[in-house]
Amino acid sequence: MFVHRRRGWEIAPSKATPEAVVLGRRGLIGAAAGAGILAASARPAGAWSLLGGSKAPPVVLKPLTAPRNARYDAGRAITDEHEATSYNNYYEFGMSKSVTDAAAALVSDPWTIEIAGMVNTPRRIGFDELMKQVTLEERVYRHRCVEAWAMTVPWVGFPLAALVKLAEPLGSASYVKFTTLADTKTMPGLRQSWYPWPYTEGLTMQEAMNELTFLSVGMYGKTIPPQDGAPIRLTVPWKYGFKSAKSIVRVEFTDQQPLSFWQQLQDSEYGFWANVNPDVPHPRWSQAEERLLGTGESVPTRIWNGYGEYVASMYADKTKERLFV
Ligand code: MTE
């Protein structure tokens, strides 16, 4: 059980220095793809192994634009792209905030997602095939980490509800569990055996069907970079960022509340619900304010990260639950 080791996200923000981004953005290829993206960020399968010692070549992202959904106005400036894509938590690639180089080893094409558990027909669906069955849109969401930093990101993706519909879950399924890639050949963090790999997360079915819950396949008009969870990640904007699982390979429908990665490590600090609330401090720090990345500015945290009108009613009957840790 993890208790003594200090996690990267517990480093004081002042001590976490983002590195320069190494993405080969000038080398972007292809025409603006609209909703027609087929392959995610370009990293050919089996190109090389990070553990073999060679440095991964720069990642080439593809343009990926979709109409912006004006319903979700973030009410704040979009975070500078470089800031947002070079200050990350992706423990499979290391505990530092600067995992861009390491994450370049991620093999995100081809990619398959397993639909499992309580569904009519368990099956596997290729990422390209999935992209043909959904309609992409852009949503600008506030993104709030439990560490008290925040950013505002233009994500490109589609509602998780669309995938749930394709999956045809049984009526008895009440939770969705997400499992993310755990590839020992390319992910050096997996050597840290005290972590309960693979990274998993979960939502109630009601949360999964909420209109805000999004599967992101792009950001800033391009395919999602490896360090941000290529080729597909969850984006749950009213919850602390650790709920937003990156590089999803399995979506399982279940009637048991999933035990997430961070819950297994420290349930008292990183619980199942993890909804943002300025008045409920993390056991070791305040959540009253958040630091807006790239601005030097701190602003008051908002309950439900400001998305209460969309989500608060889901929790009205859960008065006995630890909703905000
Ligand atoms: N997903 C995986 N697979 N591995 C991780 O380490 N970190 C989580 C979440 N999803 C994580 C993950 C945490 S703690 C946060 S705050 C967000 O991703 C950070 O997303 P970002 O780096 O794109 O800002």
Side-chain angles (χ1 to χ4, degrees), residues 2 6-11 13 16 18-19 21 23 41 61 78-100 102-103 106 108 111 113 141-157 177-183 186-190 192 195-203 214-220 222-251 260-266 269-271 274 276 282 287 290-294 305:
F2 173 98
R6 185 177 168 99
R7 271 146 290 190
W9 69 19
E10 292 164 20
I11 294 168
E19 280 176 359
V21 126
L23 297 182
S41 54
L61 303 174
I78 288 176
T79 303
D80 172 76
E81 180 183 351
H82 169 83
E83 292 287 341
T85 58
S86 61
Y87 190 85
N88 296 101
N89 281 325
Y90 201 159
Y91 278 62
E92 289 86 333
F93 291 106
M95 289 170 65
S96 112
K97 293 284 183 278
S98 304
V99 291
T100 302
L106 178 71
S108 59
W111 193 267
I113 299 169
Y141 277 162
R142 296 179 294 277
H143 169 43
R144 170 61 154 83
C145 179
V146 72
E147 296 168 312
W149 53 261
M151 51 174 100
T152 307
V153 177
W155 303 103
V156 176
K177 177 180 176 183
F178 302 88
T179 304
T180 78
L181 184 70
D183 177 16
T186 53
M187 296 175 142
L190 300 190
Q192 297 180 311
Y195 283 118
W197 309 111
Y199 195 100
T200 53
E201 257 308 335
L203 296 172
F214 207 55
L215 280 170
S216 299
V217 295
M219 60 196 291
Y220 293 92
K222 283 160 252 174
T223 49
I224 207 158
Q227 66 274 17
D228 286 287
I232 183 163
R233 66 167 288 169
L234 201 55
T235 306
V236 196
W238 71 97
K239 292 180 179 284
Y240 291 117
F242 66 87
K243 297 293 295 182
S244 293
K246 297 177 172 183
S247 308
I248 294 166
V249 292
R250 188 167 196 266
V251 179
S260 74
F261 179 85
W262 288 110
Q263 268 183 292
Q264 290 175 64
L265 289 166
Q266 197 78 300
E269 302 192 356
Y270 312 102
V276 176
H282 182 276
Q287 295 290 18
E290 60 199 41
R291 187 171 55 93
L292 301 182
L293 284 190
N305 202 21

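Counting starts at 1 for both ligands and their atoms, in listed order.
For ligand 1, the atoms sitting less than 4.0 Å from at least one non-hydrogen atom of Thr180 are 3 (N), numbered in the order shown with element in parentheses. Of all the atoms in ligand 1, the ones that sit under 4.0 Å from a non-hydrogen atom of Glu92 are 2 (C), 3 (N), 4 (N), 5 (C), 6 (O). Those atoms of ligand 1 with a heavy atom of Trp149 less than 4.0 angstrom away are 24 (O). Of all atoms in ligand 1, listed by their number and element, those nearer than 4.0 Å to a heavy atom of Cys145 are 16 (S). Every atom of ligand 1 with a heavy atom of Tyr91 under 4.0 Å away is listed here by number and element: 5 (C), 6 (O). Proximity to Met151 (heavy-atom distance under 4.0 Å) selects the following atoms of ligand 1: 24 (O). Within ligand 1, counting atoms from 1 as listed, the ones closer than 4.0 Å to a heavy atom of Asn88 are 21 (P), 22 (O), 23 (O).
Here Lys246 does not pair with Glu92 in a salt bridge; the nearest charged N to carboxylate O distance is not below 4.0 Å.
Residues Val99 and Asn88 approach most closely at CG2-CB, 3.9 Å, considering heavy atoms. The heavy-atom pair separating Met187 from Ala182 by the smallest distance is SD-CA, 3.9 Å.
Taking the six-membered ring wherever Trp is involved, the centroid distance between the rings of Tyr91 and Tyr199 does not fall below 6.0 Å. Aromatic pair Phe214/Trp155: ring centres not closer than 6.0 Å.
Residue Gln227 places no N or O, backbone or side chain, under 3.5 Å from any N or O of ligand 1. Between Ser244 and ligand 1, at least one N/O pair is under 3.5 Å apart. Where the criterion is an N or O separation shorter than 3.5 Å, residue side chain and backbone included, Lys246 meets it with respect to ligand 1. Taking only nitrogen or oxygen atoms, main chain and side chain alike, Asn89 reaches within less than 3.5 Å of ligand 1.
For Tyr220, there are no ring-ring contact (aromatic ring centres under 6.0 Å, His included) partners at least two apart in sequence or on another chain.
Within the 4.0 Å heavy-atom criterion, the part of Tyr199 lying near ligand 1 is the side chain and not the backbone.
Not one N or O on the side chain of Trp262 forms a donor-acceptor pair closer than 3.5 Å with the backbone of Glu201.
Thr100 OG1 to Tyr90 OH: the interatomic distance, rounded to the nearest 0.5 Å, is 12.5 Å. Distance OG1/Thr235 to CD1/Ile232: 9.5 Å, rounded to 0.5 Å.
Not a single heavy atom of Lys243 sits closer than 4.0 Å to an atom of ligand 1. No heavy atom of Glu201 sits closer than 4.0 Å to any atom of ligand 1.
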